[in-house]
Amino acid sequence: MIFLAVGATSQNKKSSGTESDSKIEKRNKKKKKVKLPNIDLSHWKVTIPEGEGKGGAISVSPPEILDYANNEVLAPFMYNDSVSGALVFHAYPTNATTANTKYSRSELREQMEPGNNNVNWTFAQGGTLKAKMAMGDVSRTDDGKYHNVIIAQIHGRLTNEQRELIGQKDNNAPPILKIYWQNGKIRVKTKVLKYAGVDQKAILYKEAWTDDKGKNFEQEVGFRKFTIEVKVSDGKMVVSLNKNEFFVYDNASIKRWGVFENYFKIGNYFQTRDEGAFANVKVYELSVEH
């Protein structure tokens, strides 16, 4: 009887030790779990604040962008956060900008045909952008407010024929939509016509358009995850936050915007040149439909 009791006690101790080891192993595996973003970049090019001077910012298109994790040039500005599972876009003021701005960006530009900027879409053709995002670290102004970041856009584009018609040197047109992260709020601005009766040629000039007053969604997102959805159709644009708040644009200016081609942009278009400023924008999910 004594032998049996000792044997049973020994067996229980062994079993307990095995359970404990198993729990530790599971905890270690959980700690080591790596999360990577599942984002299809086959129809996006990225522009980063690296390069030489105005108009000299470096861009990387498909298929090279697909290997961004191993690209030494992209690595400081576009990288994986393996803890949260986000694709991070980092930007700070540099001398390397795109041709029509003074600000730096680490931002994706939609390419309907990979590697080609000349194939775009109109409002009549329609499109939907969905993105789950969050603001990462961001610097502050001297008065304590966070620096502003444009996190998504719909940018206009002239066709080659329109460019030649108005004698412009490039195909750039105004952005019809700019979505900001501003001190923890999501702010939306669009373009409106200065003169409603402008003709079909004059409407192509940037000077025909100006910014509206803009408006904020009521919910404060802070540094938490949020979902932006932008849906456009002929003469209409709907912007939503977390499928809970909606801004609907179907005014006369939006209806006449159909003259332009468009493309989506998302990431980190940093809105300051303050020395020492920086921002990180996290993208967890991204999809586009046309």
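Note: hydrogens, waters and symmetry copies are ignored here, and every other heavy atom, side chains too, is used.
Rounding to the nearest 0.5 Å places OH of Y79 at 15.0 Å from CG of N71. Once rounded to the nearest 0.5 Å, the distance linking OG of S287 with NZ of K132 reads 11.5 Å. One finds the NZ atom of K102 at 9.0 Å from the CD atom of Q271 (value rounded to the nearest 0.5 Å).
Residue N38 places its CG atom among 12 or fewer non-hydrogen atoms of other residues, nucleotides or ligands, all under 6.0 Å distant. Crowding of K231 atom NZ: a count of heavy atoms from other residues, nucleotides or ligands under 6.0 Å not exceeding 12. Within 6.0 Å of NZ on K236 lie no more than 12 heavy atoms contributed by other residues, nucleotides or ligands. For K194, the NZ atom is densely surrounded, since the number of other residues' heavy atoms within 6.0 Å is greater than 12. Residue D142 qualifies as open at atom CG: its count of foreign heavy atoms under 6.0 Å is 12 or below. By the neighbour-count criterion of 12 heavy atoms within 6.0 Å, atom CG of N116 is densely surrounded, having more than that number from other residues, nucleotides or ligands.
Under the 4.5 Å side-chain criterion, counting only non-hydrogen atoms from C-beta, N244 is not in contact with F217. Between S106 and P49, the closest side-chain pair of non-hydrogen atoms falls below 4.5 Å. V60 has its side chain out of reach of V73: every pair of non-hydrogen atoms, C-beta onward, lies at least 4.5 Å apart. Side-chain atoms of L129 and L286, non-hydrogen and from C-beta on, do get closer than 4.5 Å to each other. Within the 4.5 Å cutoff, side-chain heavy atoms of I186 are placed close to those of F226. Within the 4.5 Å cutoff, side-chain heavy atoms of H90 are placed close to those of F278. Between K35 and V83 the shortest side-chain heavy-atom distance does not fall below 4.5 Å. Side-chain contact between M133 and I266: present, with at least one pair of heavy atoms (C-beta onward) separated by less than 4.5 Å.
Among all heavy-atom pairs drawn from H147 and R140, the shortest one is CE1-O, 3.1 Å. Residue P37 comes nearest to Y68 through the heavy atom pair CG-OH, 3.9 Å, listed as atom of the first residue, atom of the second, then distance. Taking each heavy atom of G214 and K189 in turn, the nearest pair found is CA-CG, 3.8 Å. When all heavy atoms of P62 and L41 are compared, the pair lying nearest together is CG-O, 3.9 Å. Across all non-hydrogen atoms, the minimal contact from A173 to H155 is O-CE1, 2.7 Å. In terms of heavy atoms, V259 sits closest to Q200 at CG2-NE2, 4.3 Å.
Put simply, the side chain of H43 gets close to the backbone of M112: a donor and an acceptor are under 3.5 Å apart. Side-chain atoms of N80 never come within 3.5 Å of backbone atoms of S82 as a donor-acceptor pair (strictly under, hydrogens ignored). At least one donor-acceptor pair closer than 3.5 Å links the side chain of D212 to the backbone N or O of T190. The closest donor-acceptor contact from the side chain of E229 to the backbone of K243 lies at 3.5 Å or more, if one exists at all. Under a 3.5 Å cut-off, the side chain of Q111 and the backbone N or O of G115 do form a donor-acceptor pair. Here the side chain of D274 pairs no donor or acceptor atom with the backbone of A277 at under 3.5 angstrom. With hydrogens and angles ignored, the 3.5 Å screen pairs no side-chain donor or acceptor of K265 with any backbone N or O of I154. Checked by atom type and distance alone, the side chain of E220 never pairs as donor or acceptor with a backbone atom of G222 at under 3.5 Å. Within the 3.5 Å criterion, the main-chain N or O of V198 finds a donor-acceptor partner in the side chain of R256. Judged by distance alone, the side chain of R105 and the main-chain N or O of G267 form no donor-acceptor pair under 3.5 Å.
Hydrophobic clustering (ILVMFWY, side-chain heavy atoms < 4.5 Å, transitive): V138 and V88 are in distinct clusters. In the hydrophobic cluster analysis, where Ile, Leu, Val, Met, Phe, Trp and Tyr join through side-chain heavy atoms closer than 4.5 angstrom, F247 is grouped together with I228. In terms of hydrophobic clustering, with Ile, Leu, Val, Met, Phe, Trp and Tyr side chains grouped at heavy-atom distances under 4.5 Å, F89 and L66 are assigned to a common cluster. I254 and V192 fall into different hydrophobic clusters, where Ile, Leu, Val, Met, Phe, Trp and Tyr are joined by side-chain heavy atoms under 4.5 Å apart, directly or via other members. By the rule that hydrophobic residues join a cluster once side-chain heavy atoms approach within less than 4.5 Å of another member, Y284 and F77 end up as members of separate clusters.
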Verdict with reasoning, H290 to Q125, per side-chain contact (heavy atoms from CB on, under 4.5 Å): CA-CA 7 Å; H290 290 291; Q125 293 169 316; over 6 Å; no
Pair I179-V230, side-chain contact (heavy atoms from CB on, under 4.5 Å): steps then yes or no: CA-CA 10 Å; I179 302 178; V230 181; 3.8 Å; yes
Test side-chain contact (heavy atoms from CB on, under 4.5 Å) applied to V281 and M135, step by step: CA-CA 5 Å; V281 174; M135 179 56 65; 3.9 Å; yes
Derivation and outcome, side-chain contact (heavy atoms from CB on, under 4.5 Å), residues I65 and L108: CA-CA 10 Å; I65 192 176; L108 295 173; 3.9 Å; yes
Candidate pair Q219 and N242, rule side chain to side chain donor-acceptor pair (under 3.5 Å), full reasoning: CA-CA 9 Å; Q219 181 183 0; N242 291 330; 3.1 Å; yes
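The aromatic ring centres of W44 and Y263 sit 6.0 Å or more apart.
Residue L158 is tested with I166, N172, L165 for a side-chain contact (heavy atoms from CB on, under 4.5 Å); the sole match is I166. None of N148, T94, V149 except one satisfies the side-chain contact (heavy atoms from CB on, under 4.5 Å) rule with F270; the exception is V149. A side chain to side chain donor-acceptor pair (under 3.5 Å) with R157 holds for exactly one of N262, N118, N117; it is N118.
F223 and Y146 have perpendicular rings, their planes meeting at more than 60° on a 0 to 90° scale where under 30° would count as parallel.
In this structure, Y269 belongs to a hydrophobic cluster whose other members, linked by side-chain heavy atoms under 4.5 Å apart, are Y103, I150, Y180.
For Y249, there are no ring pair (Phe, Tyr, Trp, His ring centres under 6.0 Å) partners, not counting sequence neighbours.
Side chain to side chain, Q153 and E107 meet the donor-acceptor criterion of an N or O pair below 3.5 Å.
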Pairs of donor and acceptor atoms involving the side chains of residues 204-211, under 3.5 Å and at least two apart or interchain, shall be tabulated with distances.
{"unit_1": "W209", "atom_1": "NE1", "unit_2": "I203", "atom_2": "O", "d": "2.9"}
{"unit_1": "D211", "atom_1": "OD1", "unit_2": "K191", "atom_2": "NZ", "d": "2.8"}

